[in-house]
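Values in this document were obtained by computation on a predicted structure and should not be read as measured data. Each chain gets a letter, A, B and so on, in the order the sequences are listed, and its residues count up from 1. For the numbers below, each heavy atom of this structure counts, side chains included, while hydrogens, waters and symmetry mates do not.
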Amino acid sequence: MDTDNKDNPNPTILNASDLPTRQRDAHAAKRPSLFDALTQDAYPNYATTDLSSPEASDDSDSDSDPREEIDEQEIYDLISTISDPEHPTSLASLAVVNLPDIFITRPASSTSRLSTVKVLLTPTTAHCSLGTVIGLAVRVRLEQALPPRFRIDVQLKEGTHTTADAVNKQLADKERVAAAMENGTLVGVIRNMLATCE
Amino acid sequence: MSDIQQYLYEVDKHKAAAKDVAQNSARKLESKELKLINLITDLEPYINAKDDAGRRSNSIAYLADVLDAVSPRVLSGQERRLLVDFILNRLESDTEGTGSSARALLALERLGKWDSTLAQRVLQTFADHANPLKQFKLQSERYAILQLIDLLMAKYRTALQSLHDSDQNLLPSFIALFEGEKDPRNLMIVFSVLQVPLAEWDVHAYARDLFDAVFNYFPITFKPPPDDPYGITAQDLKDRLKGCIAASGECAPYAFPALLDKLDSTAMNTKRDVLHTIQACVVSYEPKTVNLYSVTLWDALKFEILAAQEEDLVNEALKALALIATAFSTGMDGPLTAYLRPIVKECNEHLEDAPTTQSRAAGRILHAVSSAAPVVADRIVKGILPTLFTLFKSSESIAKRRGLIEVLNEILKAYIDMHASGDALIVEELKSHSSDALEVMLRAAVSAPKAEVSFRLASLNGLVQLTAIPKLLSDEEVERTVDAVTDMVLNEHTTGHGDIRGEAIAALTEMAHTVPQTVRSKAIPAMMVDLPDSPSDDTSYRATLEALARLSTETEIFDTIVVRLKSRLNAARHHQASMSYQHALLLALLYAFTYGSPLQEDGAVRSSYFGDYAEPPLALIKEAAPESRDSAETEIVGRITNILLRSQTPHYQSTVYRTSLQWLIDEQRTKCASVQSLAPLSLHYFAALRPEVVEPTDVHNLLKTLGNLLLDGTNTDASTSVLLRHITLLINKFLPAKSMQASLQDAELDVTRLLTSSPTQQQIHISLAITKALILLGKTSALTSTYLHLLLDLLPTASAPTARAFATLLAPDALLSKANHCAISPLHKQRTFALLTQPLLASLKIAEPSKKQPYLLALAGILQHIPYTVLQPSLPELVPPLLQVLDLPTSQSTAQDVKPPILAILEAALLHDPDTLSEHASSLISRLLTCASPPPKPKPVSAASQPTVTPSTTTAPPPVNSAAVRAKALQCLTLLPTHLKREVVLPFRRQIIRKLVPSLDDSKRSVRTEAVKCRGAWMGMEEEAAE
């Protein structure tokens, strides 16, 4: 069995229903009623003067609503589905990625547009040799998915890993990250990890 | 030239001619022209041709062909006997032509049955002198011999078995016979031949040899050639091989170790075959044989589950474990104990560090094994539950407790599965733990922190299962459980994370099935308390009412719920409760009858519901004055009427039409003011009626009234829509197709008249509604086509909303359905597409760019309702206009409306016919990018006061499409890299990845999500190139 050479053959797995999901906006107290479908005809009314289709009137899509800012949950949703390199499970269900460990700093001054996303990772074991790979994958994912006004900072959470400092240094070093992404095997591993991302 | 000479002359060149010769000889034998003795004598020199093996072989082939062609009863028993002797004697000294000898023997056997001695001798001769078969290089030759042996096995089984019993040397040479066979057709026979001694003979001494002979072929890795004429699949071979291995328990000492050895293979297919074979062995070997290996099997199989690799392998391993338990479930107490002991021990160990992958695996193992038989489940409960509850009580960790409850649920599920398949459960042992389980789960469900969703859900699930196992809980315990779940439904007001009311309602619905009496007597009354006669505000009752409505999906409590709702509705009316409350109660009834499980009779919903639930509110509407009728209520009552009436018999409907609802027709005829207030009811009522029930004059009058009312033009938007739908419905259902135009003229609804000289909006909409009815009907093609062309003639000068209204023609309307007895031509979409597309495309070709918009909108309105398969053949002509639709100015709401369905068509085209789009790749990409581009980003709030230079403010604001359009455009764009040819899209890659960056910062989250996916798809392309 190849379980023997995994760093942690039997990790704790979080139940999917306990993972944080986007909450309904508090002000959207008017949740749709069970009976709505009974009276709202799908039949469009072309005979009226105001032609608003059902799609356009869908409250969440209306452009008149205020902008939906990129928040911690959105970052979480981007990286939670990355697969662990040694288990067929997502980083979220292994609790490697946790919502409270994601921090967004808005632009500090009025002249700056730069926000910072900081993600702290919790490896499944303190000696997990794949910490760097996971960090790299999270970094790559965020670089691909976030607009350029975000600075990305991925670290191992303090006290969760025996070589956290070394790994953090590696993850913060742009040149080393770029060099790592030249490595074909590593790129392959990361691609597989990201393959489960929607 | 004798026949044999002729045969030998032809055989190598013209097989068919040679066959003719042989058939000719057979005919001569029959007509006595030729005597058998002469035939043999003629054969003699060739059959004994010392130096020419080919010739000897061919002469036997001649004999086989002749015998094959000869009719029964031509040869006497003695002659046949002599021939068999002759062939067998020859075999002993000359193996040339053994295949033909086998064919000859097969033919002789067909002509007359053999006795045991002869059958034995045939087998013996082949075993002694044709051994091994692999010496015969031709597949067909070995095939003939195998067929002969197969025949012997099939017809002379006892004879062969007694031969084996008397001669211990037979079996080794018999086994050796097949050694080295590789042809799949031959192997099919070999496996089925070898299965006979394995299954029926005493093979103890040679079990190992027999087993090796078959297991050599394990695992089968055969792949049939592409156009295999024989149709043998790998699965056929696997099944036969599996049958052999499982045939004799004597093989167990060799089979199990060998199989478990192969289980360590890294090839998934091999593992799969091993697991299937183990299952077959466990089923067919004697339980006492399986007993010897049960623990060994467990030790190996458990790894497949604990260190899961592929889900189907896990399931097969679980099935194998269950089958072993099943084998011991009838009177094999000792073996069962021995087998379960290590399972219980191991699973208990995994429970200690729950919740882990392995504790979950332990749960699955326990479920699978417990499901084997009630007695097994009883043992598992005895072994596991004490540890499980000790662990539960000794831990404070909610995660751990959740893991333990999940394992417990797995075991309970086994009971429910067995109960469902009709097994008589043994609940004694479980009963001794049931109150423990109930307490633990009730406490978890009721008092655990609301945020512990999985813990509470697991407990809820457990409670449902506990109540579903018959005779487990006491009545009092069931009541407590139902009360607790009802309480969750009624009194939990958590929103967002932690809201499990939906699941609680589902749980209560399941309980309504297993313990309906308690739900009826406890849950429903408790819920009714939450529904006052007259509530003080509008939100307090809603959740409870919705819960009740959802419970109506369980037949057992359906009637209770609707009776209670009705009495509450009456009380609400009596207390003059708010209209919104009364509507909500009516809607709950409507929901129950629409989505719930009302009782049926004669294949339709029970007719008495109509009298009980539709007639009382109908009577109220009847009594109300036209101006005091509430249109929402009228509509809900109309819908209830529809759903309860439409499946009733013509007789029943007729009675309703002439008696209890006669007033509706009368009032619509006499009081013009009533028509509008009654329209929502009338629409749904007429939708329910069968065409033959209705009086033609009533329809005629009503159509006239509706038309006049619409032309008045003083209606609200909503009522206009109802009136138009009503017209469509009446024309489609009740006007005779044969005299359609005359009927329409009578009703003043002839489109030719309506559309003369600059028609009003109302006239156009009525015309569309009428034409829609005819399109669906599909029986008035000339008239439909005239009307459609009249409508098309409007387009050059049509406003955007008018052009957009063409979408009405094919827009699906839930009311116009078969269930509502409408006439729906199955080909109406195809026909309309064919009628309208060509003229529209032609007009588009010649129209000036500024005049194209009405055509594009009308075309889009038609296409959006056409199934992709219908428009697919015309795709090449349609793509350019489709792309032009995407160019329509974003400022118009009509254009915003029409883009998402058009993008959906392009998406389908990308998925199914990417090649058609390839040539348009460049224009498609640029339009999709334009459609996807996000609204200009507002400047950061803090920076709003002092203008800073940001890219978005330097240029004019780009045109912005709605979020729906942006998201859909991105979805289409995502498909390009994977669906169009690489060389087509690669040149755009860089540009697109760059241009998608702003979309990553779109103001809408849903659009951003699509942008991330889209960008990922394009970025993924380069990586492929690197490989």
Side-chain angles (χ1 to χ4, degrees), chain A residues 1-3 9-18 20-24 26 29 33-35 38-39 41-53 55-56 58 60-63 67-68 70 74 77-78 87 89 107 109-111 113 144-149 184 187 191 194 197-198, chain B residues 303 307 355-358 402 453-454 457 495-497 542 546 549-550 584 587-588 590-591 594 635-636 639 717 720-721 724-725 765 801 804-805 807-808 811-814 893-894 896-897 900 935 938 940 942-943 948 950 962-964 997 1000-1001 1003-1006 1012-1013 1015-1016 1019 1023 1026:
Chain A
M1 295 293 122
D2 58 353
T3 48
N10 187 22
T12 306
I13 295 191
L14 295 185
N15 189 298
S17 59
D18 289 335
T21 50
R22 183 166 296 285
Q23 318 273 302
R24 256 173 222 294
S33 159
L34 180 67
F35 305 137
L38 289 171
T39 46
D41 263 306
Y43 189 67
N45 185 357
Y46 296 106
T48 60
T49 39
D50 172 36
L51 268 174
S52 61
S53 74
E55 299 103 283
D58 195 330
S60 69
D61 271 351
S62 157
D63 280 297
R67 184 185 158 79
E68 295 164 351
I70 295 178
E74 188 163 338
D77 291 341
L78 284 172
H87 301 284
T89 339
S109 73
S110 55
T111 51
R113 296 182 65 245
Q144 288 178 357
L146 286 179
R149 66 185 170 88
V187 170
R191 186 168 64 225
L194 298 187
C197 289
E198 276 282 275
Chain B
F303 281 112
T356 56
T357 9
Q358 298 188 351
R402 187 254 300 167
V453 174
S454 64
L457 287 182
T495 48
H497 189 70
R542 220 178 75 174
E546 288 184 12
R550 282 185 54 189
L587 278 172
L590 174 60
Y591 184 95
T594 311
E635 187 189 336
I636 305 169
R639 285 170 185 271
D717 286 346
T720 304
S721 172
L724 287 171
R725 289 173 78 191
H765 286 304
R804 178 73 185 119
T808 318
D813 182 341
S893 61
T894 38
Q896 291 290 354
D897 253 9
S942 51
T948 48
T950 55
S962 69
V997 170
L1000 294 177
D1001 215 1
S1003 62
K1004 290 290 155 200
R1005 196 164 282 128
S1006 54
V1012 169
K1013 277 186 219 168
R1015 220 164 157 253
M1019 291 173 106
E1023 287 164 5

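For the pair B:Val997 and A:Pro148, the tightest heavy-atom approach, listed with the atom from each and the gap, is CG1-CD, 3.3 Å. A:Glu68 and B:Arg1005 get closest at one heavy-atom pair: OE1-N, 2.5 Å.
Put simply, the side chain of A:Arg149 does not reach to within 4.5 Å of the side chain of B:Leu1000, judged on heavy atoms.
In this structure, chain B has a heavy atom under 4.5 Å from the backbone of A:Leu146, while its side chain stays farther away. For B:Ala584, the part lying near chain A is the backbone, with the side chain staying farther off; criterion is any non-hydrogen pair under 4.5 Å.
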